[in-house]
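All chains are named by letter (A, B, ...) in the order of the sequence lines, taking the proteins before the strands, and each is independently numbered beginning at 1. All values below come from the heavy atoms of this structure, side chains included, with hydrogens, waters and symmetry mates left out.
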Amino acid sequence: MKARKEITVAVIIGLLIGLVIVGGVMRARMAIESISSPSPSASTSVNLKNKTPETSQKLFLDIETSDNLVVNKNTIEITGKTLPGTYVVILGEKGEYIIVPSEVGVFTEEVALVSGANTIKIDSYLEDGSKVEKVLTIVYTTTEL
Amino acid sequence: MKKSLISLSFALLLVLTARSLVLAQSSTPSGTKNEEQVTENLKARLKQTVGINEVGDTSQIRGYVGQVEDVIKNTLVVKDKDGKKNVAIGSDATIVRSPGNADIDIDSVRIDDYIIAMGYSKGDDELEGKRVIVSEKPFAPPEKLAGIGKVSSIDKYAFMITPRDGGDDIELFFTKSTSYKSSEGSLDFKDISPGDEVLFTAVRDQDNDWSATIVMRIKQN
């Protein structure tokens with residue numbers, strides 16, 4: 001009687017282990033398949049290579065550099081993100097810049113500053129001429145506060 | 001029976017370990033991971049830039065540029081591009097009038113004066129002013145222009161651009177310092193032809209004309 005019980009328990013344990021292994025293999029397979037199938041970001045980069053912006057996405061412009069900064073250096077790095085395949089124009093007090101963002105829409109530019117108040121306009125353009133604009137105010141001073 | 005229980009516990013442990021391993025592997029698809037990586041890199045770079053550039057210690061030092069709307073006791077009410085800001089003037093603050101940079105006190109600040117206020121941020125829209133520059137004249141940025149359009153004609157001195165947004169044609173004078181480029185690299189003036197689509201930047205010159213600074217060909221005719 002005791003031996004029968006132990007056999008039953010052993011069979012159940014065997015089944016459980018089998019299920020775990022099969023389940024694990026299936027999950028691992030699914031995970032590998034999802035990695036090897038093209039992701040949304042991969043399709044974006046294909047579009048970019050063809051210089052065709054993803055017009056289905058709304059044009060946006062996120063600026064990482066803080067507004068109203070006070071700096072003691074005559075340049076500032078403007079960093080941001082926009083829709084891939086667009087053009088970014090920066091109009092600073094001392095110069096103008098046209099940048100082609102990276103394949104994921106990231107851009108960065110060292111912008112020259114004048115002493116005192118600097119109004120920096122940042123525009124992201126689609127080829128059809130539509131744009132979004134952000135304005136930063138940066139104060140450049142060498143005076144100790 | 002004891003042996004069976006141990007075996008059962010072992011089996012359960014195996015189930016839980018295998019499950020958590022599989023979940024951990026499948027919960028971070030590569031696309032999301034890449035975007036997170038980019039965001040993290042951006043944040044790190046920004047922190048580095050801000051750390052180098054800001055005056056002293058001071059993630060809290062900020063500057064407002066605008067016009068004085070009111071002076072209430074020791075507080076200047078300033079209107080900048082985003083709205084109203086309060087600048088509290090303490091006893092250790094310096095106020096100077098430009099041009100000349102002569103020291104003045106808060107009573108000499110007039111409504112409608114233009115102002116650059118620098119100091120420590122005291123939360124949203126409020127500053128503990130440390131150095132304030134006031135002027136009767138605005139700290140106006142130079143007039144600049146950018147846009148996308150089609151080159152409709154080119155003469156000896158200028159391009160005529162028809163903007164894509166449907167506005168009036170713009171006459172863009174080229175100068176020695178005008179630079180020409182495409183997304184592949186730099187171009188020459190001769191590479192731009194009527195019918196090309198260009199993205200341009202320009203500044204208002206002394207004759208009140210638009211002088212092209214950058215002309216980037218984005219589509220060739």
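When each of A:T137, A:L91, A:T119 is checked for a side chain to side chain contact (heavy atoms under 4.5 Å, CB included) with B:P141, only A:T119 meets the rule.
The contact between A:V135 and chain B is made by backbone and side chain atoms together, counting heavy-atom distances below 4.5 Å. There is no contact between B:I133 and chain A, counting heavy-atom distances below 4.5 Å. Neither the backbone nor the side chain of B:D92 comes within contact range of chain A; no heavy atoms are under 4.5 Å apart. In this structure, no portion of A:Y140 lies under 4.5 Å from any heavy atom of chain B. Residue A:D67 touches chain B through both its backbone and its side chain, counting heavy-atom pairs closer than 4.5 Å.
A 6.0 Å sphere centred on NZ of B:K79 holds no more than 12 heavy atoms belonging to other residues, nucleotides or ligands. Residue B:K81 places its NZ atom among more than 12 non-hydrogen atoms of other residues, nucleotides or ligands, all under 6.0 Å distant.
Considering all non-hydrogen atoms of both residues, B:F139 and A:A117 come closest at CB-CB, 4.2 Å. Of all non-hydrogen atoms in B:I148 and A:G129, the two that sit nearest each other are CB-CA, 4.2 Å. B:G119 and A:L145 make their closest contact through N-CD1, 4.4 Å (heavy atoms, listed as atom of the first residue, atom of the second, distance).
Rounded to the nearest 0.5 angstrom, A:K121 NZ and B:L145 CG are separated by 9.0 Å. Atom CZ of B:R164 is separated from atom OG of A:S130 by 9.0 Å, given to the nearest 0.5 angstrom. In this structure, CZ on B:R62 lies 5.0 Å from CG on A:L69, to the nearest 0.5 angstrom.
Contact annotation for residues 209-221 of chain B against chain A (heavy-atom separation below 4.5 Å, listed by residue number): B:T213, B:I214, B:M216, B:I218, B:K219.
A donor-acceptor contact shorter than 3.5 Å links the side chain of B:K144 to the backbone of A:G92. At least one donor-acceptor pair under 3.5 Å links the side chain of B:K181 to the backbone N or O of A:I98.
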Problem set entry | Stepwise side-chain contact (heavy atoms from CB on, under 4.5 Å) test for B:D80 and A:N68 | CA-CA 10 Å; B:D80 78 350; A:N68 299 121; 4.2 Å; yes
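Interface check for chain B: of the options A:D128, A:V139, A:I138, A:V89, the most heavy-atom pairs under 4.5 Å are formed by A:D128.
Residues A:K131 and B:D165 form no side-chain contact, since every pair of their non-hydrogen atoms from C-beta on lies 4.5 Å or further apart.
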